[in-house]
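Structure, as structure tokens:
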Amino acid sequence: MKALPAFLFFVIASVASCKKEKAVLYDFSKYTATDISGTIVSIDSTDWAYDATWTTAELKLLTFKDTIKVSDSTYGYVQLSPATPNPTSGVFIIGSDTEKECKMKAVFVNEQLNILHYLSKKFTGGPILTAYDLSVHTAFRKGNCYRMYYGFFNAKDSLFYKGHGDIRIE
């Protein structure tokens with residue numbers, strides 16, 4: 001009978017020592033504001049840059065399947081400009097510059113991390129402006145902020161650059 005309390009102590013200690021991811025509150029209200037010409041009005045230093053760490057929930061966002069094939073299996077630099085304009089009516093552009101051919105997967109989410117729209121694009125290397133039109137989707141409502149999570153992948157489908165940018169719809 002003495003073994004039962006020791007066993008229960010071991011089970012409780014094992015469960016208590018399991019690492020759990022801390023609850024994360026996502027705040028999309030801080031964003032890099034730009035005018036129609038792309039001039040930065042105010043900056044959120046976490047937007048449109050490399051994110052070193054993501055939660056498990058954030059990493060899971062980019063696991064959707066796509067049919068885009070790229071041939072370059074190496075990594076290269078990635079540079080992004082903020083969404084222009086931001087705030088936006090839902091139509092904006094993002095400047096990208098990739099050193100190598102790669103694929104970008106992106107998801108647009110609300111503050112509960114519900115996916116509202118996702119896409120993938122092939123970049124052949126070099127600078128390019130990419131237009132986005134969220135105004136055609138009823139999930140995006142005026143007066144709200146949303147987040148675009150993006151990841152760049154090589155031919156081996158290896159994620160080598162990831163980040164996010166917040167967007168306000170007005």
Side-chain angles (χ1 to χ4, degrees), residues 15-68 75 77-98 102-123 128-154 157-170:
V15 170
S17 68
C18 291
K19 289 185 177 180
K20 292 185 179 179
E21 203 163 54
K22 293 179 184 178
V24 177
L25 297 175
Y26 300 98
D27 179 10
F28 299 178
S29 64
K30 298 174 190 157
Y31 59 90
T32 299
T34 58
D35 65 17
I36 194 72
S37 66
T39 302
I40 295 175
V41 176
S42 66
I43 193 162
D44 174 359
S45 62
T46 68
D47 278 353
W48 312 110
Y50 178 75
D51 289 346
T53 58
W54 273 3
T55 64
T56 303
E58 289 172 311
L59 283 169
K60 193 175 179 180
L61 293 171
L62 297 180
T63 60
F64 63 89
K65 300 285 186 202
D66 65 68
T67 58
I68 294 177
Y75 306 143
Y77 68 78
V78 174
Q79 295 175 328
L80 296 172
S81 67
T84 300
N86 194 14
T88 176
S89 64
V91 178
F92 57 93
I93 59 169
I94 296 174
S96 306
D97 186 7
T98 60
C102 58
K103 169 177 50 178
M104 179 192 75
K105 288 183 175 183
V107 295
F108 293 88
V109 299
N110 60 18
E111 288 186 349
Q112 294 76 42
L113 292 190
N114 296 320
I115 296 175
L116 306 176
H117 180 64
Y118 63 93
L119 57 91
S120 56
K121 295 184 178 289
K122 181 177 184 176
F123 292 91
I128 188 167
L129 292 175
T130 307
Y132 299 86
D133 186 358
L134 303 180
S135 67
V136 297
H137 302 283
T138 58
F140 297 95
R141 302 181 195 277
K142 290 181 179 183
N144 291 310
C145 294
Y146 301 94
R147 180 165 286 175
M148 175 183 174
Y149 283 100
Y150 51 83
F152 289 81
F153 298 80
N154 68 4
D157 215 23
S158 178
L159 175 63
F160 66 91
Y161 188 94
K162 63 189 186 311
H164 76 272
D166 296 322
I167 300 162
R168 179 160 179 83
I169 306 288
E170 289 188 346

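These values consider heavy atoms only, across backbone and side chains, with no hydrogens, waters or symmetry-generated copies. Please read these numbers as outputs of a predicted model, since none were measured by experiment.
- Atom NZ of residue K103 and atom OG1 of residue T98 lie 14.0 Å apart, to the nearest 0.5 angstrom.
- In this structure a side-chain-to-backbone donor-acceptor pair under 3.5 Å is present from S81 to G95.
- Y132 has its side chain out of reach of I93: every pair of non-hydrogen atoms, C-beta onward, lies at least 4.5 Å apart.
- The shortest side-chain heavy-atom distance between F140 and H117 falls under the 4.5 Å cut-off.
- Looking at heavy atoms from C-beta onward, T63 lies out of side-chain contact with K105 at the 4.5 angstrom threshold.
- Residue F92 holds its CZ atom at 6.5 Å from CE of M148, rounded to the nearest 0.5 Å.
- K162 pairs by the salt bridge (charged side-chain N to carboxylate O under 4.0 Å, His left out) definition with nothing, not counting sequence neighbours.
- Note that CE of M104 and CD1 of I68 are 9.0 Å apart. Values are rounded to the nearest 0.5 Å.
- With sequence neighbours excluded, no residue forms a side-chain hydrogen bond (donor to acceptor under 3.5 Å, both in side chains) with Y118.
- For E170, the salt bridge (charged side-chain N to carboxylate O under 4.0 Å, His left out) criterion is met by R168, not counting sequence neighbours.
- D166 is not listed as a side-chain neighbour of C145, based on a closest heavy-atom distance of 4.5 Å or more.
- Here N154 pairs with nothing under the side-chain hydrogen bond (donor to acceptor under 3.5 Å, both in side chains) rule; sequence neighbours left out.
- Side-chain atoms of Y150 and S96 form no donor-acceptor pair, as typed in the model, at a separation below 3.5 Å.
- For the pair L116/L134, no side-chain contact is recorded, criterion being any heavy-atom separation below 4.5 Å from C-beta on.
- At most 12 non-hydrogen atoms from other residues, nucleotides or ligands lie less than 6.0 angstrom from NZ of K142.
- With rounding to the nearest 0.5 angstrom, the SG atom of C102 is 11.0 Å from the OH atom of Y161.
- Checked against F160 for a ring pair (Phe, Tyr, Trp, His ring centres under 6.0 Å), the options Y50, Y77, Y75 give a single hit: Y75.
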Any chance you could lay out the side-chain hydrogen bond (donor to acceptor under 3.5 Å, both in side chains) test for N86 and T88, step after step, and finish with the verdict? CA-CA 5 Å; N86 194 14; T88 176; over 6 Å; no

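- Each salt bridge (Lys or Arg N to Asp or Glu O under 4.0 Å) pair with one or both residues in residues 31-57, not counting sequence neighbours, would appear here, but there are none.
- Here the CD1-CD1 distance, from I167 to I94, works out to 5.5 Å after rounding to the nearest 0.5 Å.
- Shortest non-hydrogen contact noted between G151 and L159 is CA-CD1, 3.6 Å.
- Residues F123 and T130 come closest through the heavy atom pair CE2-OG1, 3.9 Å.
- For L119 against F64, the heavy-atom pair with the smallest separation is O-CZ, 3.3 Å.
- Counting non-hydrogen atoms of other residues, nucleotides and ligands closer than 6.0 Å to NZ of K121 gives a total above 12.
- With sequence neighbours excluded, no residue forms a side-chain hydrogen bond (donor to acceptor under 3.5 Å, both in side chains) with S89.
- Side chain of T84 to main chain of P82: a donor-acceptor pair is present (N/O by atom type, distance under 3.5 Å, no hydrogens or angles).
- Contact record, P85 with I36: CG-CD1, 3.9 Å, taken as the closest heavy-atom pair.
- If you take NZ on K122 and CG on D66, they are separated by 11.5 Å, rounding to the nearest 0.5 Å.
- Exactly one residue among W54, F28, F108, W48 makes a ring pair (Phe, Tyr, Trp, His ring centres under 6.0 Å) with Y149. That residue is W54.
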